[in-house]
Amino acid sequence: GGFTPFYHLVAAVVPGTMYFRAPSTFYYLAQFATAVLAARGTERLLTDGLPRRHVFGWVGFGVAMLLLSLSGVLRDVFTGAVPGNAQYTQWTDRFNDPVARAAMSAGALRSLLVVLAVSGLILLLERKRLTRSMAAAALVGVMVIDFWSIERLYWSFSAPAAEMYRSDAIIEHIKAQPEPGRVMALQFRSPGRDAFLSGDALMIHGLRLVTGYHGNQ
């Protein structure tokens, strides 16, 4: 949020913004407006059609973004937007990483392919090669594929609860102790996140914790 002038504008004008947990809490306003405009544009496409110059303009913009990405201009723009403080060095390093550069170019190519697919549907609809129902179904299909190409990267699946939170010899030993007590579970430099050491999985087995912390889980 602080990397753009827009966040500072909202923070200075909208009362209470400084108390928000994150700038993304008010992004839903922009996303809601974008969704309404997309719905209105789709409605116009299926009823009145769209001028060809719009289609060619979108394709040209997609090609331009791909060329800017391949040439490294987009990376330079993003890098220049990051403050020069030492604490932000990790972000500039990420932008300069070869894997990140390849991912950025792949994303630009993916976006161009979606633009080409939608543009093709618009031209086919204009030439009466597709009915409105067929065009609407095809648009939904392209949208689903586009969403899946990104959202699949954000899904991760853990082991079943019966396996992740199963008991072991240490837990059974603590449960067998006659005196009441609390467990202090500490995780030191262990790869990944252990539900028993950094979470509250022990409380599932009736063992009380010193911290008593309950996260989102």
Side-chain angles (χ1 to χ4, degrees), residues 1-4 7 10-11 14 16-32 34-35 75 78-79 81-83 85-111 113-114 140-217:
F3 293 163
T4 70
Y7 176 67
V10 175
V14 180
T17 306
M18 60 181 299
Y19 300 108
F20 289 174
R21 182 176 181 272
S24 59
T25 52
F26 58 79
Y27 283 176
Y28 82 95
L29 293 173
Q31 297 301 326
F32 179 78
T34 303
R75 183 184 71 253
F78 293 147
T79 304
V82 177
N85 300 343
Q87 59 179 330
Y88 298 109
T89 305
Q90 57 174 329
W91 296 106
T92 55
D93 292 342
R94 289 184 181 181
F95 285 131
N96 294 323
D97 183 72
V99 177
R101 294 200 300 266
M104 184 178 296
S105 300
L109 177 60
R110 179 195 62 83
S111 299
L113 293 177
V114 173
V140 172
V142 173
M143 181 184 65
V144 170
I145 295 175
D146 182 28
F147 284 167
W148 173 84
S149 67
I150 293 297
E151 297 297 338
R152 64 183 179 84
L153 304 177
Y154 294 89
W155 285 90
S156 60
F157 296 91
S158 59
E163 177 181 345
M164 180 178 295
Y165 302 109
R166 68 177 183 271
S167 181
D168 56 22
I170 297 177
I171 294 176
E172 295 301 325
H173 175 75
I174 298 176
K175 291 171 61 176
Q177 302 306 309
E179 69 278 2
R182 293 180 181 270
V183 179
M184 178 177 290
L186 301 176
Q187 181 173 350
F188 295 99
R189 298 182 181 180
S190 177
R193 181 183 181 277
D194 191 299
F196 290 95
L197 298 180
S198 60
D200 52 8
L202 288 174
M203 300 183 74
I204 297 176
H205 300 279
L207 299 179
R208 296 180 298 178
L209 299 175
V210 173
T211 59
Y213 171 74
H214 285 281
N216 294 333
Q217 63 274 17

Legend entry - Over all atoms of both residues, closest heavy-atom pair of Arg110 and Ser149: CD-OG, 3.2 Å
Inset, instruction - Applying side chain to side chain contact (heavy atoms under 4.5 Å, CB included) between Arg182 and each of Leu209, Val210, Leu207, report the one that passes. - result: Val210
Legend entry - Partners passing side-chain contact (heavy atoms from CB on, under 4.5 Å) against Val14 (at least two apart in sequence or in another chain): Val10, Thr17
Legend entry - For Tyr154, side-chain contact (heavy atoms from CB on, under 4.5 Å) partners two or more places apart: Ile150, Glu151
Legend entry - Minimum heavy-atom distance between Tyr165 and His205, given as atom pair plus value: O-NE2, 2.8 Å
Legend entry - Those residues that, when tested against Asp97, pass side chain to side chain donor-acceptor pair (under 3.5 Å) (two or more places apart): none
Which donor-acceptor pairs under 3.5 Å do side chains of residues 170-180 form with protein atoms, sequence neighbours excluded?
unit_1, atom_1, unit_2, atom_2, d
Glu172, OE2, Ser167, OG, 2.5
His173, NE2, Gln177, NE2, 3.3
Gln177, NE2, His173, O, 2.9

Inset, instruction - Could you list the residues that satisfy side-chain contact (heavy atoms from CB on, under 4.5 Å) with Ser105, not counting sequence neighbours? - result: Ser69, Leu70
Legend entry - Set of salt bridge (Lys or Arg N to Asp or Glu O under 4.0 Å) partners for Arg208, sequence neighbours left out: none
